[in-house]
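Accompanying notes for the structure given below.
Order of listing sets the numbers, starting from 1, for every ligand and every atom in it. Computed over heavy atoms, backbone and side chain alike; hydrogens, waters and symmetry mates excluded. Along the sequence shown, the residues carry numbers beginning at 1.
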Amino acid sequence: MSASRGPEMMRLIERLYPICRSITGDGVRATLDLIDEALGGSPSLDRSEVPSGTPVLDWTVPREWNIRDAWIKDASGRRVVDFRESNLHVVSYSTPVAPRRIGLDELRGHLHSLPEHPDWIPYRTSYYDESWGFCVTQKQLDSMTDPEYEICIDSTLEDGALSYGECLIAGDSEREVLVSVHICHPSLCNDNLSGIAVATTLLRELATRPRRLSYRFVFAPGTIGAITWLARNREQAARIDHGLTLVCLGDDSPFRYKRSLRGDADIDRAVEYALATAGNPYEVKDFHPYGYDERQYNSPGFRLPVGSLMRGRHGEFPEYHTSGDGLDFVRADRLEGAVETLQTVFEVLEGNRRYRSLSPYGEPQLGRRGLYRAMGGETDPGDLSMAMLWILQLADGDHDLLAMAKRSGVAWASLVRAAELLLEHGLLADETGAD
Ligand code: ZN
């Protein structure tokens, strides 16, 4: 555990927070720049710019959206709604509106508010239908009583590109672990920035450690970004054995894990094991086809085993998709807890092997091999010895180490060490991937 990681992640979130992100545009590029800066150059992101109009699976890369300013002014010329105060004030992907006067009744048809939370600004998008709108607090809406206002949305919606970043850190094996994070939300912290901060920290630390597996991190806009990545990486995608989307990891809910479509993939078993052994409350749900980019990865053509780790579930916490999901809503220790949990998951995936005993008829004599001191005399044979006994008992080729860990309750590190010792002494064969 590192005491500085949580505050570092909060600092990254604070820098990302003011940027107006959407599914395309300069906000996405600025976000990728800051992720790269936090990675410190090693590793660094491979950036892609996919032109508007490019067909991607059943979709098309949309035109690029950028915005400089937007406002609603009252009769005295005062900005009563101001994009410079919060980028949530404009419906994302709003078409440009040149400064013009508009009657209050007509304007109301373009305003969104949350009567049940009168101080919060809602977050709304209009990606795939051309329209415009403003999001306001209920208090702002209630105070708008002039018969007429002046409005302006200084945005552009033009041919450009969709941007995403990815990073592959190679291990001994070409088989990959995918970590996918969406990067398309504007000033919202838990839904989006928490996942970005946790993934960036994991990536930076994984790159400094020895690895058996390869790890691929994809930072892409939600839905269209993952679809674009899949369209351009059909072959590489087949190397992915384990995957996760990371979302909403900074709030104070217990962890929730949404299984891959398969439900019993190694990633599902590894996450459930990591959550169960951490000793805190958690919840596990089966896959359902609503949520984040696990939908794309699990689709029938790809069927990649990708689950989703979160705390608060999208749509179920009141702050979701509102300005209530601000800097005060996420906490350093929650982010740190997510990094620790995910590092346990990776450790389990790294060490999980399938073994067969080479001395399966009765118990091999461990004492003769120096593996088991004074077996008869000890009342507590110790974790390492128990790990050896469990492995030798279960090493029938059907149980992998994760199954042995679950069955035995012996600590993961002891099982990994015991398996190494038994392999060294010729008592086990590693049959991982043999079937
Ligand atoms: Zn969202």
Side-chain angles (χ1 to χ4, degrees), residues 12-13 16-25 27-28 30-32 35 59 62 65 67 86-94 112-114 116-117 120-129 133 135 162-164 179-200 218-229 244-253 255-258 285 287-298 306-330 334-335 338:
L12 178 59
I13 287 175
L16 290 166
Y17 182 70
I19 298 172
C20 185
R21 277 165 293 274
S22 187
I23 51 173
T24 61
V28 180
T31 299
L32 294 171
I35 294 170
W59 298 55
W65 186 70
I67 181 162
S86 169
N87 56 40
L88 296 175
H89 275 315
V90 175
V91 172
S92 188
Y93 256 69
S94 280
H112 307 269
S113 68
L114 294 166
E116 65 277 22
H117 295 289
W120 291 351
I121 309 162
Y123 163 55
R124 296 279 185 274
T125 65
S126 67
Y127 298 144
Y128 302 103
D129 68 293
C135 300
L162 176 145
S163 321
Y164 66 82
V179 176
S180 178
V181 181
H182 64 294
I183 55 166
C184 50
H185 289 34
S187 293
L188 297 168
C189 285
N190 197 38
D191 181 8
N192 211 180
L193 298 184
S194 67
I196 294 174
V198 167
T200 303
V218 174
F219 296 89
T223 308
I224 188 68
I227 283 172
T228 302
W229 186 85
L244 285 172
T245 62
L246 303 183
V247 292
C248 300
L249 288 166
D251 66 289
D252 66 0
S253 312
F255 282 116
R256 291 180 168 110
Y257 177 62
K258 172 179 161 182
K285 290 269 187 196
F287 186 88
H288 55 103
Y290 188 70
Y292 297 90
D293 288 325
E294 63 279 1
R295 304 198 309 275
Q296 315 309 332
Y297 299 117
N298 281 282
V306 176
S308 184
L309 187 68
M310 68 202 85
R311 289 183 189 271
R313 193 179 299 120
H314 52 89
E316 291 186 6
F317 53 95
E319 294 83 357
Y320 172 78
H321 281 193
T322 78
S323 57
D325 183 3
L327 289 166
D328 293 339
F329 190 58
V330 293
R334 306 291 172 183
L335 300 166

inquiry  = Between Asp251 and Tyr320, do the side chains contain a donor N or O and an acceptor N or O under 3.5 Å apart?
reply    = no

query = Does His321 bring an N, O or S atom to within less than 2.8 Å of the Zn ion (ligand 1)?
reply = yes

inquiry  = Looking only at N, O or S atoms, which one in Asp191 sits nearest to the Zn ion (ligand 1)?
reply    = OD2

ask   = Restricting to N, O or S atoms of His185, which is nearest to the Zn ion (ligand 1)?
value = NE2

query = Taking atom CG of Asp129 as the centre, does the number of heavy atoms from other residues, nucleotides or ligands within less than 6.0 Å exceed 12?
reply = yes

inquiry  = Please tell me whether His314 and His321 form a close aromatic pair, meaning their ring centres lie under 6.0 Å apart.
reply    = no

message = With side-chain contact (heavy atoms from CB on, under 4.5 Å) as the test, pick out the partner of Leu193 among Leu12, Leu249, Ile13.
response = Ile13

